[in-house]
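Per chain, numbering begins at 1; letters A, B, ... match sequence-line order. Note that the structure is predicted; figures quoted are calculated from it, not measured.
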Number of protein chains: 2
Amino acid sequence: MEENKDITIYDIASKLNLATSTISRALKDHHSISEKTIKKVKKTAEEMGYVPNTLAAGLRGNKTKTIGVLIPTVTQPFLSSLISGIEITAQKSGYNVIIMQSNDSYEAEVSMAKSLYGSRVSGVICSLAMKTTDTSHFQQFVSNNIPLVFVDRVPKEFNTFRVIIDNYAAGFKATEHLIEQGCTRIGHLTAGSKFGNLYTERMRGYLDALKKHNLSESKELIVDLQTVTYTEGVKASNKLLSLKTPPDGIFASGDIMAVSAIQSAKKKGMRVPEDIAIIGFNNDPISEIIDPNLSTITHPAAKMGQISAEIILKNIKSPKKEDVKEITFLNTEVLIRESSKRK
Amino acid sequence: MEENKDITIYDIASKLNLATSTISRALKDHHSISEKTIKKVKKTAEEMGYVPNTLAAGLRGNKTKTIGVLIPTVTQPFLSSLISGIEITAQKSGYNVIIMQSNDSYEAEVSMAKSLYGSRVSGVICSLAMKTTDTSHFQQFVSNNIPLVFVDRVPKEFNTFRVIIDNYAAGFKATEHLIEQGCTRIGHLTAGSKFGNLYTERMRGYLDALKKHNLSESKELIVDLQTVTYTEGVKASNKLLSLKTPPDGIFASGDIMAVSAIQSAKKKGMRVPEDIAIIGFNNDPISEIIDPNLSTITHPAAKMGQISAEIILKNIKSPKKEDVKEITFLNTEVLIRESSKRK
DNA sequence: TTGTATGCGTTATCAG
DNA sequence: CTGATAACGCATACAA
């Protein structure tokens with residue numbers, strides 16, 4: 001059985017009759033080392049099968065070339081695309097990504113934040129758990145100059161980098177689009193609204209759009225899901241569609257909800273978009289597949305991941321920062337497809 | 001500006017007039033430390049805001065309590081569920097998960113394997129890149145007793161743990177199901193078959209099922225996608241449906257392909273399942289949403305993740321192993337929904 | 001351009 | 001039950 005004892009720079013040094021510091025420098029192309037030595041060192045390192053121990057390097061420099069990602073779950077299309085964007089960007093700069101799922105639990109988030117801190121990540125990207133209201137567990141990163149970026153589901157009052165879309169404006173645009181299609185009684189599917197999150201913002205946009213166009217709002221037209229699942233969505237949709245006067249349009253705060261609305265409407269014999277126009281949110285893959293194709297609001301997940309990672313990387317380089325942390329807004333667009341197009 | 005210098009066990013030790021070794025032990029409930037001391041240490045550690053530096057611990061013990069996950073991408077539903085299963089299981093045992101996406105590139109996979117090794121992960125779970133044929137870059141883990149589990153897309157000849165489904169049997173079952181529904185001319189959508197991967201196995205099952213039931217196979221009935229995307233699927237489906245004698249059934253090796261087949265068929269005015277019965281593979285979320293609901297083969301992603309993680313954890317504990325690495329087969333089932341149900 | 005020496009924070013060994 | 005000390009592998013300040 002071949003028990004490869006790990007090769008260290010010390011092994012290379014003794015083989016080459018050089019000092020470990022020379023090896024260390026040569027391996028990272030330090031300018032003060034001669035071309036010749038660098039070449040020689042790299043060659044034998046390769047030959048001996050040297051693999052740098054990033055733990056040791058990390059301990060030494062108190063930096064690890066890993067970015068911690070703390071999100072509710074990896075299985076939602078938006079979030080897995082976000083991760084993908086982060087991971088690709090990080091990888092390009094030689095950074096790794098460590099992932100933790102809070103499953104929307106506040107307690108899990110607190111403990112994971114601590115764990116991330118313990119592994120000395122170089123930066124943290126977080127999308128808050130649904131249940132999180134207090135964010136003091138993120139203070140440790142700020143206090144220690146570890147770049148912190150909140151993305152998508154962000155706290156209101158925490159002074160750090162944030163990468164978001166304008167949910168209010170998006171909700172407004174979506175609703176206004178329905179109005180332009182001739183809808184006058186527009187329902188709204190939302191979720192976890194009591195936590196004052198991004199869904200609330202979208203709803204604000206919805207309400208203001210109604211107001212602007214002199215459409216009366218009504219409590220019965222707004223259904224608040226506990227969890228964003230297809231079956232919950234179906235239940236909520238049916239509630240909406242079973243009203244004495246059902247809506248002639250629905251703005252759903254997520255594509256899954258929108259899709260369940262489409263299916264429920266079809267099952268009830270209603271035509272989409274003729275009898276009821278529907279628009280979702282996120283531009284999940286399914287929106288292009290469902291029949292009729294779902295109109296939706298674009299939500300640039302991978303791009304948000306990329307930008308978040310870039311902010312982290314930039315701020316690792318220049319640790320000392322003024323106390324100004326910008327908020328990056330990404331554009332969203334109304335993507336008009338079949339489910340809402342009447343004209 | 002509050003510059004929290006990190007609290008170390010040394011700080012706790014000097015505050016309490018104890019040795020660092022005592023602190024270290026107390027913190028992990030070592031039996032040789034008095035209850036009283038343990039309590040005292042833990043209390044002041046808490047008060048001082050001590051966060052253990054896992055890097056240092058890792059360097060010392062050459063083990064890191066992290067599991068490396070190397071997969072083609074995180075955005076496929078099967079893989080994100082796999083990750084989720086891994087992450088949850090790992091977290092329960094206090095392990096973290098570090099993720100890398102090969103994007104189906106062999107070169108990326110090689111480099112990432114090296115990087116994982118460099119960060120001294122305690123174990124590795126991998127689903128091979130589509131393009132990978134040679135797997136020698138995983139030898140380093142085996143040689144150093146780092147548990148390695150291949151999952152789903154696994155190499156044929158590598159002697160290590162494997163967690164898979166019986167793709168051959170599943171392909172056979174799927175095809176036979178269509179035959180039982182009365183299909184006599186069954187098309188097949190597959191992908192990247194030249195790399196001798198799991199798709200090939202499913203196709204073998206398909207072919208053998210045809211043979212068993214005396215149905216003739218035909219080259220024109222098998223379409224091989226380069227990449228598994230919806231649009232590619234539509235192209236492939238149309239090829240199949242435009243044959244002089246189109247098939248009356250399709251077994252697609254993935255749900256995305258199956259869904260594109262359904263949509264293409266509907267667009268051509270064919271009824272599903274009456275004119276053409278369709279079955280997919282994976283039981284992706286979309287299969288329950290598409291109209292008609294897609295029959296499919298279950299593919300227990302989260303469970304496979306969980307089991308893979310459990311194997312890793314078990315084998316970290318008892319490092320020395322006989323040279324026997326079991327292959328774990330998970331059950332798949334034919335999930336009959338609307339798209340294939342004729343009787 | 002290269003070498004020497006030290007410390008990062010923890011744990012394990014050995015001693016008391 | 002507790003303490004002193006070495007070691008993990010690397011990177012840097014300082015020296016040559």
Side-chain angles (χ1 to χ4, degrees), chain A residues 4-42 44-45 48-66 94 114-115 117-122 144, chain B residues 4-42 44-45 48-66 94 114-115 117-122 144:
Chain A
N4 291 358
K5 259 264 152 280
D6 284 345
I7 306 294
T8 71
I9 52 170
Y10 188 82
D11 298 320
I12 305 177
S14 70
K15 177 154 196 168
L16 256 39
N17 279 322
L18 287 170
T20 58
S21 50
T22 307
I23 309 298
S24 173
R25 289 180 189 123
L27 253 16
K28 357 183 71 64
D29 293 307
H30 196 284
H31 59 274
S32 76
I33 304 289
S34 73
E35 271 304 315
K36 224 178 85 186
T37 312
I38 291 187
K39 225 175 200 163
K40 192 169 56 176
V41 169
K42 285 195 173 173
T44 49
M48 299 177 74
Y50 170 73
V51 181
N53 185 327
T54 51
L55 283 178
L59 176 59
R60 177 60 229 259
N62 206 32
K63 277 275 146 57
T64 53
K65 292 213 146 207
T66 55
K114 193 166 181 178
S115 165
Y117 186 75
S119 36
R120 297 301 187 272
V121 288
S122 303
N144 288 83
Chain B
N4 291 359
K5 260 264 154 281
D6 284 345
I7 305 294
T8 72
I9 53 170
Y10 187 82
D11 298 321
I12 305 178
S14 69
K15 176 153 197 168
L16 255 41
N17 278 320
L18 288 169
T20 59
S21 46
T22 308
I23 309 297
S24 174
R25 290 180 190 121
L27 253 16
K28 358 183 72 63
D29 292 307
H30 196 284
H31 58 274
S32 78
I33 303 288
S34 74
E35 272 304 315
K36 225 178 85 187
T37 312
I38 292 187
K39 225 176 198 162
K40 193 169 54 178
V41 169
K42 285 195 172 170
T44 49
M48 298 177 74
Y50 170 72
V51 180
N53 185 327
T54 52
L55 282 178
L59 175 59
R60 180 58 229 261
N62 208 32
K63 275 277 147 53
T64 52
K65 293 214 143 204
T66 54
K114 193 166 182 180
S115 163
Y117 186 76
S119 33
R120 298 302 187 269
V121 289
S122 302
N144 289 83

Mind checking B:T8 for me? I need base, sugar-phosphate or nothing, with any heavy atom below 4.0 Å counting as a touch. sugar-phosphate

Residue met sooner reading DNA chain D from 5', once A:R25 and B:G61 are mapped to nucleotides: B:G61

Please check the phosphate of C:dG3 (OP1 and OP2 only) for any side-chain N or O of A:T22 closer than 4.0 Å. yes

If you look at every strand shown and take non-hydrogen atoms under 4.0 Å, does B:S32 touch a base, only sugar-phosphate, or nothing? base

Just verifying a value: how many Å separate B:L16 CG and B:K40 NZ, rounded to the nearest 0.5 Å? 5.0 Å

CG of B:D6 versus P of C:dG9: gap in Å, rounded? 7 Å

Side-chain donor/acceptor of B:S21 to base of D:dA4, under 3.5 Å: yes

Euclidean distance, A:K28 NZ relative to A:I38 CD1, rounded to 0.5 Å: 12.0 Å

Base, sugar-phosphate, or nothing for A:T54, non-hydrogen atoms under 4.0 angstrom? nothing

Between NE2 of B:H31 and P of D:dC1 the distance, given in whole Å, is 9 Å

The residue among B:I33, B:D11, B:T37, B:L18 that forms side-chain contact (heavy atoms from CB on, under 4.5 Å) with B:I23 is B:L18

With a non-hydrogen cut-off below 4.0 angstrom, is B:S24 in contact with a base, only sugar-phosphate, or nothing? base

Considering only side-chain heavy atoms of A:A19, which listed nucleotide, C:dT10, D:dC8, C:dG3, is closest? C:dG3

Nearest-Å distance for atom pair CZ/P, residues B:R120 and D:dC8: 13 Å

Value rounded to 0.5 Å, distance of CZ in A:R120 from CG in A:N144: 8.0 Å

Remember a base hit wins even if backbone is also touched, and classify A:D11 as base, sugar-phosphate or nothing at under 4.0 Å, heavy atoms. nothing

Expressed in angstrom and rounded to an integer, what is the separation of A:N17 atom CG from C:dG3 atom P? 9 Å

Take the protein atom CG of B:L55 and the nucleotide atom C1' of C:dT10, then report the distance between them rounded to whole Å. 11 Å

In whole angstrom, give the distance that lies between atom NE2 of B:H30 and atom C1' of C:dA12. 9 Å

Using a 4.0 Å heavy-atom cut-off, does B:L18 contact any base of the nucleic acid, only the sugar-phosphate backbone, or nothing at all? sugar-phosphate

Does a side-chain N or O from A:T20 land closer than 4.0 Å to OP1 or OP2 of D:dG9, or not? no

Return the CD1 to OG distance between A:I9 and A:S14, rounded to the nearest 0.5 Å. 11.0 Å

Looking only at side-chain N and O atoms, does B:T37 come under 4.0 Å of OP1 or OP2 in D:dC1? no

Does OP1 or OP2 of C:dT10 have a side-chain N or O of B:Y50 closer than 4.0 Å? yes

Regarding B:N53, tell me which of base, sugar-phosphate or nothing describes its non-hydrogen contacts under 4.0 Å with the strands shown. sugar-phosphate

